[in-house]
Amino acid sequence: QVQLVESGGGLAQAGGSLRLSCAASGRTFSSLAMGWFRQAPGQEREFVGAISGPGFIKSYADSVKGRFTISRDNTKNTVYLQMNSLKPEDTAVYYCAAARTASTSTRILNYDYWGQGTQVTVSS
């Protein structure tokens with residue numbers, strides 16, 4: 001079992017930055033790829049970014065590429081999402097998720113464990 005707790009959401013102005021954190025329980029953290037997803041009101045949950053277990057491979061949605069950076073600290077069982085140049089369309093509830101393996105995936109079905117989500121609101 002892996003338990004995930006997100007933090008760091010809040011209100012930001014367009015062009016600003018926020019950093020999300022996701023703390024994981026369990027001793028297998030470094031062997032699991034981690035992903036960030038988001039869900040805006042009335043929309044489906046969508047992939048934002050993912051990082052492999054060791055942290056060497058990262059992938060991003062086109063909508064956030066160049067603005068968001070995912071990283072992890074396996075000594076602290078924590079994954080981060082640094083969000084820069086925020087836009088109003090980035091407003092959503094952001095979720096971190098743990099995958100079944102160390103390989104990254106954009107598919108929701110490949111993630112077994114989910115956090116409770118943290119709200120990010122970007123004002124124009």
Side-chain angles (χ1 to χ4, degrees):
Q1 284 286 344
V2 177
Q3 292 184 325
L4 304 172
V5 179
E6 301 101 334
S7 61
L11 178 64
Q13 291 189 331
S17 299
L18 284 173
R19 188 195 198 203
L20 305 184
S21 299
C22 175
S25 66
R27 294 175 291 178
T28 61
F29 179 74
S30 62
S31 67
L32 302 177
M34 297 295 295
W36 285 97
F37 292 78
R38 67 186 182 186
Q39 188 167 17
Q43 309 231 347
E44 294 186 351
R45 192 169 298 187
E46 65 175 6
F47 171 76
V48 174
I51 186 168
S52 62
F56 300 131
I57 299 173
K58 303 176 185 181
S59 61
Y60 299 95
D62 288 342
S63 59
V64 306
K65 202 171 292 183
R67 301 188 298 120
F68 290 11
T69 302
I70 190 170
S71 61
R72 66 190 297 160
D73 185 340
N74 286 344
T75 66
K76 297 181 179 179
N77 279 17
T78 302
V79 62
Y80 306 96
L81 184 67
Q82 177 66 45
M83 305 185 294
N84 298 330
S85 302
L86 284 163
K87 303 176 181 180
E89 52 262 44
D90 293 320
T91 296
V93 177
Y94 283 70
Y95 299 89
C96 73
R100 300 170 189 168
T101 69
S103 300
T104 60
S105 174
T106 64
R107 300 182 64 204
I108 290 176
L109 291 178
N110 287 341
Y111 291 83
D112 283 345
Y113 305 100
W114 292 82
Q116 82 287 351
T118 185
Q119 176 71 46
V120 170
T121 303
V122 183
S123 62
S124 57

Legend entry - Side chains of T78 and D73, donor plus acceptor under 3.5 Å: no

Inset, instruction - Measure the shortest side-chain to side-chain distance between E89 and S124 over non-hydrogen atoms and say whether it is less than 4.5 angstrom. - result: no

Inset, instruction - State, yes or no, whether a side-chain contact exists between W36 and F68 at a heavy-atom distance under 4.5 Å. - result: no

Inset, instruction - Decide yes or no for Q116 and E6: does some side-chain heavy atom of the first lie under 4.5 Å from some side-chain heavy atom of the second? - result: yes

Legend entry - Exam field: side chain S25 to backbone Q3, donor-acceptor pair closer than 3.5 Å: yes

Inset, instruction - Side-chain contact test, heavy atoms from C-beta onward, threshold under 4.5 Å: evaluate it for V93 versus T118 and give yes or no. - result: no

Legend entry - Distance (rounded to the nearest 0.5 Å) between I70 CD1 and I57 CD1: 12.5 Å

Inset, instruction - Establish, for the pair R19 and Y80, whether the NZ or CZ atom is under 6.0 angstrom from the six-membered ring centre and no further than 45 degrees off its axis. - result: yes

Legend entry - Close side-chain approach of R67 to D90, heavy-atom, < 4.5 Å: yes

Inset, instruction - May I ask you to test the V79-I51 pair for a side-chain heavy-atom distance under 4.5 Å? - result: yes

Legend entry - Heavy-atom side-chain proximity of V48 to Y94 below 4.5 angstrom: yes

Legend entry - Beyond-backbone contact of K58 with T104, side-chain heavy atoms, under 4.5 angstrom: no

Inset, instruction - Check whether the side chains of N110 and S105 place a donor and an acceptor atom closer than 3.5 Å, and report yes or no. - result: yes

Legend entry - Residue from R45, E44, E46 passing side-chain contact (heavy atoms from CB on, under 4.5 Å) with F37: R45

Inset, instruction - Could you tell me whether R72 sits above the aromatic face of F29, with NZ or CZ closer than 6.0 angstrom to the six-membered ring centre and within 45 degrees of the axis? - result: yes

Inset, instruction - Please assess T91 against Q119 for the test side chain to side chain contact (heavy atoms under 4.5 Å, CB included), listing each intermediate value before the final yes or no. - result: CA-CA 8 Å; T91 296; Q119 176 71 46; 4.0 Å; yes

